[in-house]
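As the structure is a prediction and not an experimental result, all values here were calculated from the model. Side chains included, hydrogens not; waters and symmetry mates left out as well; all remaining heavy atoms used.
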Number of protein chains: 6
Amino acid sequence: MQRSERFERGAARLAEMGGDIEDIVAPLADVAPDLATYVGEFAFGDLYTRPGLDLRQRQLVTIAALVTLGDTERQLRFHTKAALNVGVTPSEIVETVIHLLAFAGNPRVFNAMLTVKGVFAERGLLPVG
Amino acid sequence: MQRSERFERGAARLAEMGGDIEDIVAPLADVAPDLATYVGEFAFGDLYTRPGLDLRQRQLVTIAALVTLGDTERQLRFHTKAALNVGVTPSEIVETVIHLLAFAGNPRVFNAMLTVKGVFAERGLLPVG
Amino acid sequence: MQRSERFERGAARLAEMGGDIEDIVAPLADVAPDLATYVGEFAFGDLYTRPGLDLRQRQLVTIAALVTLGDTERQLRFHTKAALNVGVTPSEIVETVIHLLAFAGNPRVFNAMLTVKGVFAERGLLPVG
Amino acid sequence: MQRSERFERGAARLAEMGGDIEDIVAPLADVAPDLATYVGEFAFGDLYTRPGLDLRQRQLVTIAALVTLGDTERQLRFHTKAALNVGVTPSEIVETVIHLLAFAGNPRVFNAMLTVKGVFAERGLLPVG
Amino acid sequence: MQRSERFERGAARLAEMGGDIEDIVAPLADVAPDLATYVGEFAFGDLYTRPGLDLRQRQLVTIAALVTLGDTERQLRFHTKAALNVGVTPSEIVETVIHLLAFAGNPRVFNAMLTVKGVFAERGLLPVG
Amino acid sequence: MQRSERFERGAARLAEMGGDIEDIVAPLADVAPDLATYVGEFAFGDLYTRPGLDLRQRQLVTIAALVTLGDTERQLRFHTKAALNVGVTPSEIVETVIHLLAFAGNPRVFNAMLTVKGVFAERGLLPVG
């Protein structure tokens, strides 16, 4: 896999968020290494390094999108951890998910809350508030 | 958690449907107790107690929404049981899911049918019809 | 276009609902006549003629699916009219849409309510209730 | 329509966001006045008045949900205006929408950007940045 | 269960794709045998036997739809196997999924890639390319 | 706007498809020029120039994703034209859309067929087949 400057920038950004690009690279290595390249270059290298929103804002936006989209438990777990890592509080994450009752409906919100609770439990962050 | 009149009305409605509000309250208690409050007050207390549709109609409508939305296995299990509890027949549930072939596509319908079958099996309601 | 027995049965069912199969056949005639055949045969001929749910129940289920799916204004208009034609009351349609606040979120519900209001207005059914 | 304390609180919150509850009440008055009540009470009165996220954060979260959900042009127009009214900058809105390229795909993002551009144009906020 | 000519044609088509109609019939037999009938008759008998697209093209189209729809892991596993069985290469499947980064967003694509990788692993097709 | 090599490659690919990158650049110029850059670089420069699927295959995959996603009329119009421009026949486009009856439901398929019909009409390609 070629690791471009954009990829290295994305890997560094991901590291700031507490993630490890190798966790994306490794499972895709024998099936679609280019997918890992694109995630590193585009999602983390291009988009996540843009100014204009800080990482805390980006994680609230990301969580809102994942909850609304549905079928994103894996991603919601990762981005909840990343949100905590960049300084979003458990309470802000909970607030974001509750807020979506008005837009995404109860099932999306309820399932998401149990997923973020699982992350909080692993980190010893319960009870919230 | 404050238990308002709306909440108590919702808990009572949920009990009529064979559910137990504590099953919503307990898992959310240490992460988002207000979410349980809103579900009790708004979904069950405000919406589910409205006149104009009876509980059997509401459960068909609910099942249709859950199947179409997708990623709602937990909710579909609950609302299938609730539907049975308020007098919807297994056959009506099956008919509702089959009808959605025209609107939600085969994958949603097939997955939903296996979920409702699981509920029927637990209740000794198989075979249907 | 071959008009099978299933198609004729579907056309008859659609007529009971106040629709006209020619309104499906005509716009598809020069692009995809087989699509009209399938809609007539499968959706209206197979599914809509099944016993087990009456047409009033089917229309509530259909409306719930369309509201949840989104981007279905054309279909929601048609099926609101069909619902009225088979004896669903405006109030039951309104109740169905309001109920979905718990499952599909406010934007889907608000847009749908304006669409059904448009149909009610055309039929002189306002105000509801 | 009964205007509860929760409704009045919601109407006040909406006014802070530059909205007017009458714009929700009026179009629903003859079809589903209770829907306006619920939007006022629950979405704006309960959810939007919660502490834990400020209005600027809530609008980014809301915009993310609306873009991801799709078929929400009307809501995206309203909430873009509300975002501006509570101090979100055009640049932050644009950043939020661009960020969603990674989660919601190009079509949702492209359509949303044209919608927010329309709002910016009406307010004389172009060019952005 | 009545097995019409359309059903038998669908079962034969499914067999060409390496599937077995009994795997659809059996799990539905005691809950909704008519659903198996419709899947056999309509999806495989009517749609999948149409000329105009060959089976390789149909499987790319099907995979694109399943990835975009979400909550379709079961179906994506089946149709990935079917795609391989009709001559689609692992590389073409991977390309199809990567292409969807532009339309369905990263979470749908990432989850789908892990699902197709699982199928490839079972068949000894890793590494791809 | 910086026009990278990737962007120029994407613009060239888009031109092969009968599109004009300026039609993306111009409407975004005063609101989000970077979005046009990303669409040019990533969607058309990275993804659309990959080997492994030819442009005809990519357009079938793209159309399948757009129909399934919904709320994509603008994109479906563009990609239907692009499909025709790279040699996909009207009949193959129609077949792709019909095939999706099994996966995305009738409303998505019906709306999409009217959209592609509109493109065919503009090009004098009706009747199809």
Side-chain angles (χ1 to χ4, degrees), chain C residues 56 59-60 62-85 87-129, chain D residues 1-2 6-7 10 13-14 17 19-48 58-59 61-83 104-105 107-108 111-112 115:
Chain C
R56 293 173 64 256
Q59 285 315 92
L60 297 187
T62 296
I63 288 170
L66 293 174
V67 175
T68 304
L69 191 58
D71 193 27
T72 56
E73 184 175 343
R74 183 195 319 262
Q75 285 76 26
L76 186 56
R77 280 185 53 80
F78 172 77
H79 283 288
T80 298
K81 287 186 268 189
L84 295 169
N85 292 340
V88 180
T89 65
S91 174
E92 286 173 316
I93 295 168
V94 165
E95 278 303 313
T96 297
V97 177
I98 286 180
H99 185 78
L100 296 170
L101 280 172
F103 300 101
N106 292 19
R108 290 279 186 268
V109 166
F110 195 86
N111 289 346
M113 197 64 85
L114 296 188
T115 298
V116 304
K117 178 186 172 178
V119 173
F120 296 165
E122 290 168 17
R123 298 227 174 166
L125 296 171
L126 295 178
V128 174
Chain D
M1 192 175 85
Q2 291 185 316
R6 291 166 62 231
F7 184 87
R13 190 57 151 175
L14 184 57
M17 298 163 67
D20 183 342
I21 194 70
E22 304 308 328
D23 292 339
I24 295 171
V25 169
L28 297 173
D30 54 359
V31 63
D34 290 356
L35 176 55
T37 302
Y38 293 140
V39 172
E41 289 183 343
F42 183 59
F44 291 107
D46 289 348
L47 298 179
Y48 255 103
R58 286 192 190 276
Q59 287 314 93
V61 164
T62 297
I63 289 170
L66 294 174
V67 175
T68 304
L69 191 57
D71 193 27
T72 55
E73 184 176 342
R74 183 195 321 260
Q75 286 76 25
L76 186 56
R77 279 186 53 80
F78 172 78
H79 283 289
T80 298
K81 287 186 267 189
R108 291 278 186 268
N111 289 346
T115 298

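Of the atoms belonging to D/Leu69, heavy atoms from both backbone and side chain fall under 4.5 Å from chain C. Using a 4.5 Å cut-off between heavy atoms, C/Leu125 makes no contact with chain D at all. For C/Ile93, no part sits under 4.5 Å from any heavy atom of chain D, backbone or side chain. Heavy-atom distances place the side chain of D/Tyr38, and not its backbone, under 4.5 Å from chain C.
Annotation: maximal heavy-atom pairing with chain D below 4.5 Å, among C/Val97, C/Ile98, C/Val116, occurs at C/Ile98.
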Exercise for the section: Give the C-alpha distance, both sets of side-chain angles, the deciding distance and a yes or no for side chain to side chain contact (heavy atoms under 4.5 Å, CB included) between D/Asp71 and C/Glu73. Expected result: CA-CA 10 Å; D/Asp71 193 27; C/Glu73 184 175 343; over 6 Å; no

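Residues C/Phe110 and D/Leu28 form a side-chain contact, since some pair of their non-hydrogen atoms from C-beta on lies under 4.5 Å apart. When side chains are defined from C-beta on, D/Leu35 counts as touching C/Val109, because their heavy atoms get closer than 4.5 Å. Inter-residue side-chain proximity for D/Val31 and C/Pro127 is flagged as unmet; no heavy-atom pair is nearer than 4.5 Å.
What you find for C/Met113 and D/Ala32 is that their closest heavy atoms are CE-CB, 3.5 Å.
Looking only at atom types and distance, the side chain of C/Asn106 has no donor-acceptor partner in the side chain of D/Gln75 under 3.5 Å away.
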